[in-house]
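Reading through the structure tokens given below for one structure.
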Amino acid sequence: MNLNPIYAKMGTTIFEHMSALCRDGSRINLGQGFPDDSGPPVLIEAAARALRERSNQYPPSAGVPELRDTVADWYGATQGLALTRDNVIVTSGATEAITAAILAVIAPGDEVLLFAPAYDAYAPLVRRAGGVPVFVALQPPQWHYERPEIEAKITPRTRAIILNDPLNPTGTVASDAELAMLANLCVTHDLFAICDEVWEAVRFDGQPHRSLLSYPCMAERAVKIGSAGKIFGVTGWKIGWLCAAPDVARVLARAHQFITFTTPPALQYAVAEGLAMPELIAERRDSWAATRAVLNRALSEQGFAVLPNAATWFSCIDLPASGINLSDADFAERAVVDARVASIPVSALCEDNPVTTVLRLCHCKPEAMLVEAVKRLARFRDSLA
Ligand code: GLN
């Protein structure tokens, strides 16, 4: 069989690889990012009610109006964006939104700037759309965006950038100056920006999130992607959305209509209820601020060097500065077997010239689990000496 080599040569994702090793319950999973609880009861009740009382037939392809309206309102209230339902298309998770955006924006031969480390889906999707991923490597500990390095990679074929801010896996947030610079680059070089902002509500720096979409002249050349999975900690729901100028959103909706067409209505209604509960969103964020503090403290107490982070469910450690001379991939593969703790080596999220000294750990877990995991990792590190 002549299967598409993009997929035929591909392994399973690092997230699935690590989670698969943990599914029998024998290991602590600080690899793939998801909370240990099963989600806010009020949201689950809303979904159950919608399943019982509302239609379970195809909702509109663009999403139920209740959710499109609430997404627009929520961005108005929290980020000062003036959106209406015409700006919003509901998708089956942010990964589907990213897929739709890439398929709708990228034509064969187009180059797409990606920053490394990057979410592992971007480059294969760009390739499947016929595009060419071009990587700009970010460097620890700050993972800053540097204009000369980015501009050096721009050619007449460059069509788009994909920006993930706040950034997974590093947990860092671009500064206002960096975002303004990136917006200016997009305008100067006529680039479209695919903005993966799924971590926008999981910020611990007290700053309001600002989208690249909101910078001057970006409204017509950007799509902003969000995720209920991250806002509420219900990663299995796969409710995401994309927001763009109505003319752009209409085209993105054409890509979405031939990927999943639509998204389970009960979950959409429940998310619409949740977005109208700012106290619930704040409570989730505060609980993750607390788990982050627990993990970072436990790591520091055991002599691990925690890199600066301000967002996401992840903290990263610098391995050499933590007394570990193995590469991140070797450490992660050995730790999941010997210490029975799963983690994510950041090099798995860099296709070329990977940073091999940084390990990602997920913090949205119970305190006792985090403390035990760090103890095990410390014991394992000490056994290597
Ligand atoms: N976003 C999740 C993470 O970074 C992974 C999602 C996935 O497994 N595809 O852990």
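First listed ligand is number 1; within each ligand, the first listed atom is number 1.
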Inset, instruction - Could you verify whether a donor N or O on one side chain and an acceptor N or O on the other, from T95 and Y119, lie under 3.5 Å apart? - result: yes
Inset, instruction - Give a yes or no on whether a salt bridge exists between E53 and R49, defined as a side-chain N under 4.0 angstrom from a carboxylate O. - result: no
Inset, instruction - Report the nearest protein non-hydrogen atom to atom 6 (C) of ligand 1: residue, atom name, distance rounded to 0.1 Å. - result: Y119 OH, 3.5 Å
Legend entry - Short side-chain donor-acceptor distance under 3.5 Å, N184 and Y215: no
Legend entry - Side chain, backbone, both or neither: R360 near ligand 1, heavy atoms under 4.0 Å: side chain
Inset, instruction - Ignoring hydrogens and angles, state whether a donor on the side chain of N309 or S315 is under 3.5 Å from an acceptor on the partner side chain. - result: yes
Inset, instruction - Would you please determine whether F34 falls within less than 4.0 Å of ligand 1 on a heavy-atom basis? - result: no
Legend entry - Flag for N87-R68: side-chain donor and acceptor within less than 3.5 Å: no
Inset, instruction - Just jot down the ligand 1 atoms closer than 4.0 angstrom to any heavy atom of F15, in number order. - result: 3 (C), 4 (O), 5 (C), 7 (C), 8 (O), 10 (O)
Inset, instruction - Give the residue and atom name of whichever protein heavy atom lies nearest to atom 8 (O) of ligand 1, and the separation in Å to one decimal. - result: Q32 NE2, 2.7 Å
Legend entry - Distance-only polar pair, side chains of Q139 and E146, donor-acceptor under 3.5 Å: no
Legend entry - Shortest protein heavy-atom distance from atom 2 (C) of ligand 1, along with the residue and atom involved: G33 N, 4.3 Å
Inset, instruction - Compute the minimum heavy-atom distance from N168 to ligand 1 and say whether it is under 4.0 Å. - result: yes
Inset, instruction - Identify, by atom number and element, the atoms of ligand 1 in contact range of F314, meaning under 4.0 Å from any of its heavy atoms. - result: 3 (C), 4 (O), 10 (O)
